[in-house]
Amino acid sequence: MAGLASGRYAGESPADFDAGHYNLKLQVRNTVKKWVYFFGAGKAEGDGEWRDLLGGKGAGLAEMTKIGLPVPGGFTISTEACDYYYKNGKKYPAELAKQVKDNVAKLEKAAKKKLGDPKNPLLVSVRSGSARSMPGMMETILNLGLNEKSVQGLAAVTGNERFAYDAYRRFVQMYSTVVMGLSKEDLEHRLRAMRDRRGVKGDTDVPAEGWKELVAEYKAYFKEKSGNAFPEDPMEQLWGAIGAVFGSWMAEKAVTYRRVEKITGLLGTAVNVVQMVFGNTGDNSGTGVCFTRDPSTGDKIFYGDYLTNAQGEDVVAGIRTPVHLTELKKMMPKVYDQLEKVRVKLENHYKDMQDMEFTVEEGTLYMLQTRTGKRTPAAAFKMAMDMTNEKLITKEDAVLRIKPEDIERLFYPVIDSKFDKKTLQAKILTHGIDAVPGAAVGKVVFNAADAEEWAQRGEKVILVRRETSPEDVGGMAVAQGILTATGGKTSHAAVVARGWGKCCIVGAETLNIDYGTKSMTDGKSGKTIKEGEWLTLDGGEGTVYADRLALVTPEMPKAYQTVMKWADEIRRLKVRTNADTPQDARKAIEFGAEGIGLTRTEHMFFTDFEFPEKSHERQRAIQEMILAETKEARVKALDKLLPFQRRDFVGIFNAMNGFPVTIRLIDPPLHEFVPHDRAKQSELAKELGISVETVARRVEQLHEANPMLGHRGCRLSITYPEILEMQVRAIIEAAIECTKNKVKVLPEIMIPLTLDKKELGILDQSTRRVADDLIKKSGIKLPYMVGTMIELPRAALLANEIAEVAEFFSFGTNDLTQTTMGLSRDDAGRFLPDYVDEKKAAVFHGDPFQTLDTKGVGMLMKWGIEKGRETRPKLKVGICGEHGGDADSVKFCHSVGMDYVSASPFRVPISRLAAAQAVVEEKKAAIKKGKRK
Ligand code: ADP
Ligand code: MG
Ligand code: MG
């Protein structure tokens, strides 16, 4: 705020703008740019659609004026003026001064009052407002135009001196704090002292004399702090306020808000100058806020608060408790009826729930604001469904109304709403970055091994780490929630947890974690938590509570099912899931998945999800296979793995009864399966009956400088064909078993990291040899497919050749992003934030591992699909990277003609919605284009 006070407008007198007038006269009349838009008396120069130009508030005022609602007159200085201001070293456009002056004159004429008139003064409010609502960006200045003379005029013309000076003290306070950046606390302290002196409790009991006294004190304070007398000239006041609104656009909190909310591409804020109407003239006046429907349930009831004898900000400030609208109905039935009519008119007009502000002056209603109201996820679904049934909107509109976050937040458990704010506040341990929403409760453990051990005993745990690494995945999987002291939304912990839909908070930087003593202390709150103590995470807010709080799972509302059914009717893309276990597969089906787009067979090497106690046996078998020195020994080890894999596939095929299942053959480099520390190596050596040196040597041999570009993917199957043979055998034998049990199976065998047709051809032949032989022997008919992942640029470029062999493509966009951009996902956390930050480089709009880089990576995908289908017109194409669960990326997949996307189970509904939105948006764009022609 100090910056505002020293800003150039503070010292500017209206005279400075006369130079601007002079310049204006030199310009050709009809090329003068319009910066100011008037509204009043049923007419408006602006339009309700021009939110970008007039801001949300300005557009709403113009629109309400046009449809005949009672709105006080005024004008809006456009966001273009704000843009000009910042692009020209904080100078106003030359024409602005005259346009403001002209519009003030126009407003004076319409209001039949003059600014600063000592007899019957016009007062105005000065209000900010950008295209996107930014709560708390700048406070509004009310009652502007009052000075020592006009306040007497106001008192005389209303016959209400107390009211006039109440308005005056409010203005002086707002101007001092908002425009000059003086301390609000200092001023309110004087207000309280004055009340105490006079022995009155509430503001409504203060007599005129009290307010007069306070105004004098405020002004003295103003002079002392700013060195200047409080401005008496209304035009000087007005320019001070305009400058403050523009200044607030770049204030720290506004910039931060835009960054956090990812709001980009706005020109700036508009300035609305609106004739004052008064809710503080007595008991026949008041002010209120209302919603056309209940924003928390979505029910079609008129919902709102009203405060008698009060001005604007009193309702929100919570100084006095407002009453419900039903009380207003009793107090002023006529006004209520009128408001009810406004409610109906506005909702029919905007075809969405409106959040409105109004004021009653001496029994007359005025509308001061309308905007599309914020709502809870449950209310979003309820309103979309109801409004469709009421024929206010179409099913397509309903689908567009839901945001991906609405779905996300609907599923996750939340902290029971029985806790009040104060109770919660007292329990806060620390804050971090809200990586994955939802809430989690458990006992604290500080390493993954402990997490697994505790979970085995049936304990609910929260895993707390400075950061997580792939070794922690087992512990992360069994934890209720994950908390890290470092990292951002793209850190390992965040990415892994998001895939599971597991509550996760990262980057709680004030946390001091001591692995030695198994405890942590927060630098800010000073609280210490030891292993085994309870913690509750609120992943939606990034808040950590040092207590065990009750959680509730939100109920899936009926409206959710209905709207999602509409989405399914509309979409063209199929939605599959990424699932490695029968449990995940079943969960995904509940969420509406239509098959599996990716099963990672290597996860089965680590964990036996059905019989956890057998996990060790699997791990030993795979390690034995890796350490084997001869093919014979390797095959022997693989034979041990075969029954495990076969059983897993049977489980998955059963869960997916009739839906296609894509199974990827072994993908990660082998070193990921063997222990690197000496103790574990010797344990392994003992169990396998070989020397620890042999183990160490073999592990050493597996070391690679760039494992992600090394011996992995299908390259493993080229070197060790027996691995592929075992996996194909497990898949096909499972499929045969299921088919015999009357379960319909559609296996799609997928080869990872392919880069050449010849390479794929070799593996395709081995696969078919094993599969066909088994099928022939079984005597049943079993259709299956062999295809490949496209995750290297070379594979995308040579898609026409690869499609000669592959029956389907699945874009592995995690690796494809990594290899196309030369960007390591595991290391990007160090610099990616700078690449996304609006205040720094802002090279990318967002994290390319979260939302597809449609420009670069997308170009390869498009090319790959086109070329692939030139060779094989019916080529089936899908995506199985993280992006398959990201709404914007799904829309891209639709636009390039994919057949399906695949997402982790929790994100399946988001993909279903996005796929439907893609269809509707495409249709709307086509209509718009048609109109333009
Ligand atoms: P916000 O963006 O925080 O909603 P507003 O510009 O809407 O800020 O104004 C804050 C309060 O002042 C609101 O309650 C509004 O109704 C009231 N207000 C704004 N302009 C006027 C006016 N011309 N007459 C009476 N009250 C007003
Ligand atoms: Mg408002
Ligand atoms: Mg890959």
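All values below were derived from every heavy atom in this structure, side-chain atoms included, with hydrogens, water molecules and symmetry-related copies excluded.
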Interatomic distance, Asp434 atom CG to Thr543 atom OG1 [nearest 0.5 angstrom]:
8.5 Å

Quick check: does any side chain N or O of Gln275 sit under 3.5 Å from a backbone N or O of Leu122, one acting as donor and the other as acceptor?
no

Atom pair CE (Met367) and CD1 (Ile67), whose distance is rounded to the nearest 0.5 Å:
9.5 Å

Closest non-hydrogen contact found for Ala241 with Leu144 is CB-CD1, 3.8 Å

Classify the side-chain pair Thr359/Thr287 by whether it contains a donor and acceptor separated by less than 3.5 Å.
yes

Smallest separation among heavy atoms of Ile570 and Ala916, with atom names
CG2-O, 3.8 Å

Please work out whether the ring planes of Phe171 and Phe230 are parallel, tilted or perpendicular, with thresholds of 30° and 60°.
perpendicular

Does the side-chain contact (heavy atoms from CB on, under 4.5 Å) test come out yes or no for Lys924 and Glu396, once each step is laid out?
CA-CA 10 Å; Lys924 292 214 160 163; Glu396 297 188 340; 5.5 Å; no

Looking only at the side chains, is there a donor atom on one of Thr76 and Asn272 sitting less than 3.5 Å from an acceptor on the other?
yes

Surrounding CD of Glu49 (heavy atoms of other residues, nucleotides or ligands, distance under 6.0 Å), is the total greater than 12?
no

Over all atoms of both residues, closest heavy-atom pair of Ala270 and Val245:
O-CG1, 3.7 Å

Among Asp102, Val104, Asn103, which one satisfies side-chain contact (heavy atoms from CB on, under 4.5 Å) with Val100?
Val104

Can you classify the ring geometry of Tyr306 versus Phe358 as parallel (below 30°), tilted (30 to 60°) or perpendicular (above 60°)?
parallel

Inter-residue atom distance Gln354.CD - Asn348.CG, 0.5 Å rounding
11.0 Å

Residues Gln173 and Tyr218: side-chain donor-acceptor under 3.5 angstrom
yes

Do Asp166 and Asn280 get their side chains close enough for a donor-acceptor pair, meaning under 3.5 Å?
yes

Ignoring hydrogens and angles, tell me if any N or O in the side chain of Asn143 forms a donor-acceptor pair with the backbone of Ala167 under 3.5 Å.
yes

Kindly say whether Phe75 contributes a backbone atom to a donor-acceptor pair with the side chain of Lys106 at under 3.5 angstrom?
no

CG of Leu346 to OG1 of Thr370, rounded to nearest 0.5 Å, is 4.5 Å

Does Thr562 reach the main-chain N or O of Lys558 with its side chain, forming a donor-acceptor pair under 3.5 Å?
yes

Look at the side chain of Asp386 and the backbone N and O of Met383, then say whether any donor-acceptor pair between them is shorter than 3.5 Å.
no

Between the CE atom in Met174 and the CG atom in Leu187, the distance rounded to the nearest 0.5 Å is 11.5 Å

Tyr165 OH to Glu213 CD distance, which is reported to the nearest 0.5 Å
13.0 Å

Heavy-atom donor-acceptor pair, Arg51 side chain to Ala131 backbone, under 3.5 Å:
yes

More than 12 foreign heavy atoms under 6.0 Å from NZ of Lys212: is that the case here?
yes

Just to verify, which of Arg293, Arg371, Arg375 counts as forming a side chain to side chain donor-acceptor pair (under 3.5 Å) with Asp352?
Arg375

For the pair Gln237 (side chain) and Pro231 (backbone), establish whether a donor and an acceptor sit closer than 3.5 Å, ignoring hydrogens and angles.
yes

Counting only heavy atoms from other residues, nucleotides and ligands, does the tally under 6.0 Å from NZ of Lys403 exceed 12?
no

Least distance between heavy atoms, Leu107 atom then Gly73 atom:
CD1-C, 3.4 Å

Under 3.5 Å: donor-acceptor pair, side chain of Thr65, backbone of Gly40
no

Between Ser130 and Gly268, which heavy-atom pair has the shortest distance, and what is it?
CB-O, 3.6 Å

Give a yes or no on whether the backbone of Tyr366 and the side-chain of Glu361 come within a donor-acceptor separation of less than 3.5 Å.
no

Test your reading of the model: is there a side-chain donor-acceptor pair from Lys149 to the backbone of Glu232, 3.5 Å cut-off?
no

Which atom names give the shortest non-hydrogen contact between Gly116 and Pro234, and what distance separates them?
CA-CG, 3.6 Å

